[in-house]
Amino acid sequence: MKKRSNLTIIIASLSTLVVLGSACSQGESAPQASNSAGPAVKKSLTLVLDNAGRKYPDGMNENTNPYLDYIRQQSNLNITVTTPPPDGYQDKINIMMTSGESYDLIRSTDSAWVSKLVKQKALTPLNELIDKYGPNLKKAYPEEVWKQVTFEDGKIYALPGVTTKKADELMYVRKDWLAKLGLNPPKTLDEYTEVMRALATKDPDGNGKNDTLGLIIGEKLARTGPIFGAFGVPFGQNNWVERNGQLMHSYILPETKEALRYLAGLYKDKLIDSEWALNKPKNVDEKVAGGKVGLFSAQWHETRGSILTNKKNDPKADWVALDYPAGMDGKSGIAAINLVGSYAVIPATSKNAAEVIKMMDVINSTQGHETLKLGLPEHQIWVRKDGKLTMNFEEHNKHIYRNTLSEIANPWDDELERERLDALGLEFKMNDNINRINSHVIPNQYNGAPTEILGKYSSQLKKTMEESFTKIIMGTSPIDDFDAFVKQWKKEGGDEMTREVNEWYSKNRK
């Protein structure tokens, strides 16, 4: 997407529609004008979004902030935002869909939920609306993205939120603790195990207490991807691999059993945080920031998150990225994430589908996208000088709540995203992290749209997996219970999913 060096000039005045005239002169569409005589009556929209626990500056909230005002002005709509609590967000929007209340747009990251609603005819098909009201929206994504929100009847039922990152996590270690313990950065799984044992038993923080962790992971097996990768397993909800010309789900691979055996051994030897099954994301962040962790699978951006907080708390902390742990046969890597990471849907009960598309078209334009991604000029978050983007770290953090809105307008723009990440600080090495991740991805062999059968079974089978695998790792179930899990998985919908996925694979394999 072409960057605009004169963006500041274009959006300096938000109180007039001159902005939209400028956008139209660059080939972008303005909101549709009212055809009624007299003063135009603004239509009202209600959006349901995941705020992910982001904080607002004093005096602001999800409905009182300049970024929502910007969208209101640009689209000429009255917009109300509802943000259910991040814990249990998906459960909450399930209830909202059956409450009898009317909502105009709901954002979810659960593809299975979307496919269920498509089957129930609970969502509005969007093809004609996009063709009529969404020229900017239509060109914001490549064809491969639109295919992932085009369902079996050939209709689009969701507006995609995309990521140009192929996966999320890579291993980070405290190099200063390794040096203190006389260890080199680990490369093989055996070397990783040695490092975990030393971190858990040899007092790397020097406080005379046995209170540091060998490895921290999270509830529902969060942050275990590189461990499974050492066994060649792309561990994810809908990750499929080819075996003898057929696709198999990653949950039921024989190699998955061996990865669980390894993790159970770590837990038995007290090398994994004993509280791991209760660790929500905030608990992991707190333990890393608090200096209890020396090794973990970090998300690509955590060098300016919990790792940064830890370095502020302890200036001696020296964190470095590691090679992915390599198993005995040299396998390593991380499971690919879906190209489409979120879905913005319009319930069939909405009477304002056209207005939703008009709004999404405005904020998916170059002007709208860059404004939400980088920030309003008057906030002095960013400046572009001599073609180079720089950002004010503190102001960016103060207005990070804008991501709640930018996530529903997240077009394919790898160039701007990488420029933004470098502008936030080269010292955080976020693009370096992404490059390292992207070069070690274990691909998902299924990249079709969510289907009826996947939607019917995926969520429940994921819960079954989490319960079974947690018990195996914690030793409350023997490792051979994995075989019983595989039989249960197949019986409770896995076989149907496998048949459907392989029908797609036979038609689409290259």
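For residues 490-503, no pair satisfies salt bridge (charged side-chain N to carboxylate O under 4.0 Å, His left out), with sequence neighbours left out. Residues in residues 394-403 take part in these salt bridge (charged side-chain N to carboxylate O under 4.0 Å, His left out) pairs, two or more places apart or across chains: Glu395-Lys398. Residue pairs satisfying the salt bridge (charged side-chain N to carboxylate O under 4.0 Å, His left out) criterion with at least one member in residues 90-115, sequence neighbours excluded, are listed as follows: Arg107-Glu407.
We find that Glu466 and Lys463 are not joined by a salt bridge, their nearest charged nitrogen and carboxylate oxygen being 4.0 Å or further apart. Between Arg304 and Glu427 there is no salt bridge, since no side-chain nitrogen of the basic residue lies less than 4.0 Å from a carboxylate oxygen of the acidic one. Electrostatic pairing of Arg72 and Asp69 counts as a salt bridge here, judged by a charged N lying under 4.0 Å from a carboxylate O. Taking the charged nitrogens against the carboxylate oxygens, Glu467 and Lys462 have no contact shorter than 4.0 Å, which rules out a salt bridge.
Shown here are the salt bridge (Lys or Arg N to Asp or Glu O under 4.0 Å) partners of Lys220, two or more places apart in sequence or in another chain: there are none. For Arg243, the side-chain hydrogen bond (donor to acceptor under 3.5 Å, both in side chains) partners at least two apart in sequence or on another chain are Glu255. Applying the side-chain hydrogen bond (donor to acceptor under 3.5 Å, both in side chains) criterion to Asp422, with sequence neighbours excluded, gives Asn431. Applying the side-chain hydrogen bond (donor to acceptor under 3.5 Å, both in side chains) criterion to Tyr324, with sequence neighbours excluded, gives no partner residue. Applying the salt bridge (Lys or Arg N to Asp or Glu O under 4.0 Å) test to Glu302 and every residue at least two apart in sequence or in another chain returns Arg223. Considering only residues two or more places apart in sequence or on other chains, Lys116 meets the salt bridge (Lys or Arg N to Asp or Glu O under 4.0 Å) condition with none of them. Taking the side-chain hydrogen bond (donor to acceptor under 3.5 Å, both in side chains) definition, one finds that Ser111 meets it with nothing, sequence neighbours left out. Contacts of Lys119 classified as salt bridge (Lys or Arg N to Asp or Glu O under 4.0 Å), with partners at least two apart in sequence or in another chain: Glu452.
Separation of atoms CG (Leu372) and CG (Leu405) is listed at 6.5 Å; rounding is to 0.5 Å. To the nearest 0.5 angstrom, Thr256 atom OG1 is 9.5 Å from Met465 atom CE. Here the CD atom belonging to Glu419 is positioned 11.0 Å from the CG atom belonging to Leu424, to the nearest 0.5 angstrom. Between the CD1 atom of Ile381 and the CG atom of Leu374 there is a distance of 8.5 Å, given to the nearest 0.5 Å. Summarising the geometry, atom CD1 belonging to Ile357 is positioned 4.0 Å from atom CD1 belonging to Ile346; distances are rounded to the nearest 0.5 Å. Summarising the geometry, atom CZ belonging to Phe485 is positioned 7.5 Å from atom CG belonging to Leu461; distances are rounded to the nearest 0.5 Å.
Aromatic pair Trp489/His249: ring centres closer than 6.0 Å. Between Tyr141 and Trp412, the ring center distance fails the sub-6.0 Å criterion. If you look at Phe393 and Phe428, their ring centroids are closer than 6.0 Å. Taking the ring centroids of Tyr343 and Tyr157, they lie at or beyond the 6.0 Å cut-off.
The environment of NZ in Lys166 is sparse: at most 12 heavy-atom neighbours from other residues, nucleotides or ligands sit within 6.0 Å.
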Given the rule in the ring pair (Phe, Tyr, Trp, His ring centres under 6.0 Å) test, do His379 and Tyr67 qualify, once you have shown the distances and angles that lead to the verdict? CA-CA 11 Å; His379 292 160; Tyr67 290 93; 5.4 Å; yes

CA sep, side-chain torsions, deciding dist, call: Trp113, Asn94, side-chain hydrogen bond (donor to acceptor under 3.5 Å, both in side chains): CA-CA 8 Å; Trp113 177 77; Asn94 286 338; 2.6 Å; yes

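The main-chain N or O of Ile227 is never found under 3.5 Å from a side-chain atom of Thr224 such that the two would form a donor-acceptor pair. Although no hydrogens or angles enter the test, the distance criterion places no donor-acceptor pair under 3.5 Å between the side chain of Asn239 and the main chain of Ser250.
Judged by distance alone, the side chains of Ser108 and Gln90 do bring a donor and an acceptor atom under 3.5 Å apart. Side-chain contact, Tyr505 with Glu242: a donor N or O sits under 3.5 Å from an acceptor N or O.
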Side-chain donor-acceptor distances from residues 77-86 under 3.5 Å, at least two apart:
none

